[in-house]
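Only one structure is covered here, and it is reproduced in the block below.
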Number of protein chains: 2
Amino acid sequence: MRSLGQKVELLRIIAHPVRIRILEELMKGVKCVSDFEEFLDVSQPNISQHLGLLRNHGVIDYYMDGRLRCYYLVDPIIPEIIELLGRDYPEALPAPACCPVTRRGKYPGKRRRRKGRGPSAREI
Amino acid sequence: MRSLGQKVELLRIIAHPVRIRILEELMKGVKCVSDFEEFLDVSQPNISQHLGLLRNHGVIDYYMDGRLRCYYLVDPIIPEIIELLGRDYPEALPAPACCPVTRRGKYPGKRRRRKGRGPSAREI
DNA sequence: ACATCATATGCAAATATTATAATATTTTTA
DNA sequence: TAAAAATATTATAATATTTGCATATGATGT
């Protein structure tokens, strides 16, 4: 299982407009750097930097074909996340049942003990 | 549908260890700030900052219950992403069929035209 | 009204991310 | 082997994110 740190790392790597576009394209198939240049509208070195980042984090890899570097997806979670992001979610989650606001405190959880001293007031 | 910018924004907001923990906890139910203090091991102001950030981006909201702020999930994509991140993916994606490396150039896509001048050499 | 509890806010310092520009590397072809 | 094509690397400047700390706010009970 992915650790908390790995989850964060993965999301941070995906969370960039150029890199999302790269990943979306790679879901369609193998692409080389100059393919990305065609539609990405950022400089070639910048594209290489993003590709390098994705590769260092094990998200993509490449094979050489002549002088082309052919990049492809490696991490199977990527298509799933990209797909999720593309979905439409018309409804918000249902509000928690305990709403609406109460005056007396209908908070569903137990209250914590105060910091240093022993148990204070009442535990609701 | 979410724009590219919105996708990036969403991922960036989730991509933080404290915020992921917060969201994971909120998937179990309503929680107030001092609940988070118990297991998050960061300062209360810092927790409030993260909660504020999540709220500003429409990911969570709260209702008041006495002096407690009871936070809950709003954006329905959150549980899905959190669930994805928790999954196990034992296998990498299958390598593209066009591998292995060729000398002659078996690149599956069309090559692009060179920048300024008309069509160069051959289009493979 | 006052003290207290629960939480938020503002700001500066520390850190991280990103784009840009210049240059280097590698492979192929002539 | 030199030139060209395709891509990578590095340093740097600009910007964004995150944290810590002090303090502020608002609700509740007395």
Side-chain angles (χ1 to χ4, degrees), chain A residues 8-9 11-20 22 31-38 40-57 60 62-71 101-105 107 109 111-117 120-124, chain B residues 5 8-9 11-20 22 31-38 40-57 60 62-71 101-107 109 111-117 120-124:
Chain A
V8 171
E9 178 186 299
L11 291 179
R12 288 176 102 85
I13 288 304
I14 307 176
H16 186 285
V18 169
R19 293 195 294 266
I20 288 190
I22 288 176
K31 293 261 179 317
C32 71
V33 180
S34 39
D35 288 331
F36 294 118
E37 273 185 85
E38 291 202 27
L40 276 185
D41 202 41
V42 302
S43 70
Q44 174 272 313
N46 195 9
I47 293 176
S48 271
Q49 268 180 346
H50 288 299
L51 288 171
L53 207 65
L54 289 167
R55 199 177 103 87
N56 286 335
H57 288 270
I60 66 179
Y62 67 86
Y63 62 91
M64 297 293 300
D65 183 358
R67 38 192 173 197
L68 306 179
R69 284 203 184 187
C70 304
Y71 283 91
V101 180
T102 69
R103 208 141 206 301
R104 270 6 230 6
Y107 181 69
R111 308 305 308 100
R112 80 170 191 294
R113 268 166 274 288
R114 305 298 310 131
K115 281 294 166 53
R117 320 155 261 139
S120 75
R122 75 218 156 283
E123 304 276 312
I124 301 183
Chain B
V8 171
E9 177 185 300
L11 291 179
R12 289 177 100 83
I13 288 304
I14 308 176
H16 186 286
V18 169
R19 294 195 292 266
I20 288 191
I22 287 175
K31 293 262 180 318
C32 71
V33 180
S34 38
D35 287 331
F36 293 119
E37 273 186 85
E38 291 202 30
L40 276 185
D41 202 41
V42 301
S43 70
Q44 175 272 313
N46 195 222
I47 292 176
S48 272
Q49 274 169 344
H50 288 298
L51 289 169
L53 206 66
L54 289 167
R55 200 177 102 87
N56 286 336
H57 288 269
I60 66 178
Y62 67 85
Y63 64 90
M64 296 293 302
D65 183 359
R67 36 194 173 194
L68 305 179
R69 285 204 184 187
C70 302
Y71 282 92
V101 179
T102 70
R103 209 140 206 300
R104 270 10 229 0
K106 294 222 165 72
Y107 181 68
R111 307 305 309 100
R112 79 170 192 292
R113 267 166 275 289
R114 304 299 310 132
K115 280 295 166 52
R117 322 154 259 139
S120 75
R122 75 216 155 282
E123 305 274 311
I124 302 185

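Every chain is numbered from 1, with letters handed out A, B, ... down the list of sequences. Basis for what follows: all heavy atoms, side chains included, without hydrogens, waters or symmetry-related copies.
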In this structure, how many angstroms lie between the [atom2] atom of [N] and the [atom1] atom of [X], rounded?
X	N	atom1	atom2	value
B/N56	D/dT17	CG	C1'	15 Å
B/I60	C/dT7	CD1	P	13 Å
B/R55	C/dT9	CZ	P	9 Å
A/H57	C/dA16	NE2	C1'	12 Å
B/L68	D/dG29	CG	P	11 Å
A/I47	C/dT20	CD1	P	12 Å
A/Y63	D/dT7	OH	P	12 Å
A/L40	C/dA19	CG	C1'	14 Å

Can you name the closest pair of heavy atoms from [X] and [Y] and give their distance?
X	Y	value
A/L51	A/Y71	CD1-CE1, 3.6 Å
B/L11	A/L11	CD2-CD2, 4.0 Å
B/V8	A/P17	CG2-N, 3.4 Å

Does a side-chain N or O of [X] approach OP1 or OP2 of [N] to a distance below 4.0 Å, or not?
X	N	result
A/R69	D/dA6	no
A/S34	D/dT7	yes
B/Y71	C/dA8	yes

Please name all residues satisfying side-chain hydrogen bond (donor to acceptor under 3.5 Å, both in side chains) with A/R67, sequence neighbours left out, ordered by chain then number. none
Between A/L51 and B/S43, just flag the one whose closest nucleotide in DNA chain D comes earlier from the 5' side. A/L51
On DNA chain D, does the nearest nucleotide to A/R12 precede the nearest nucleotide to A/V33 from the 5' side, or the other way round? Give the residue. A/V33
Closer to the 5' end of DNA chain C via nearest nucleotide, is it B/Q49 or A/Q49? B/Q49
Judged by each residue's nearest nucleotide on DNA chain C, which is more toward the 5′ side, B/N46 or A/H50? B/N46
Look only at the side chain of B/R19 and the backbone of B/I13, and say whether a donor-acceptor pair between them is shorter than 3.5 Å. yes
At a cut-off of 3.5 Å, list every protein nitrogen or oxygen paired with a nitrogen or oxygen from nucleotides 23-26 of chain D, distance to 0.1 Å.
none

Identify the residue among B/R69, B/R55, B/K31 that makes a side chain to side chain donor-acceptor pair (under 3.5 Å) with B/Y62. B/R69
So, B/S34 versus B/E38: side-chain donor-acceptor pair below 3.5 Å or not? no
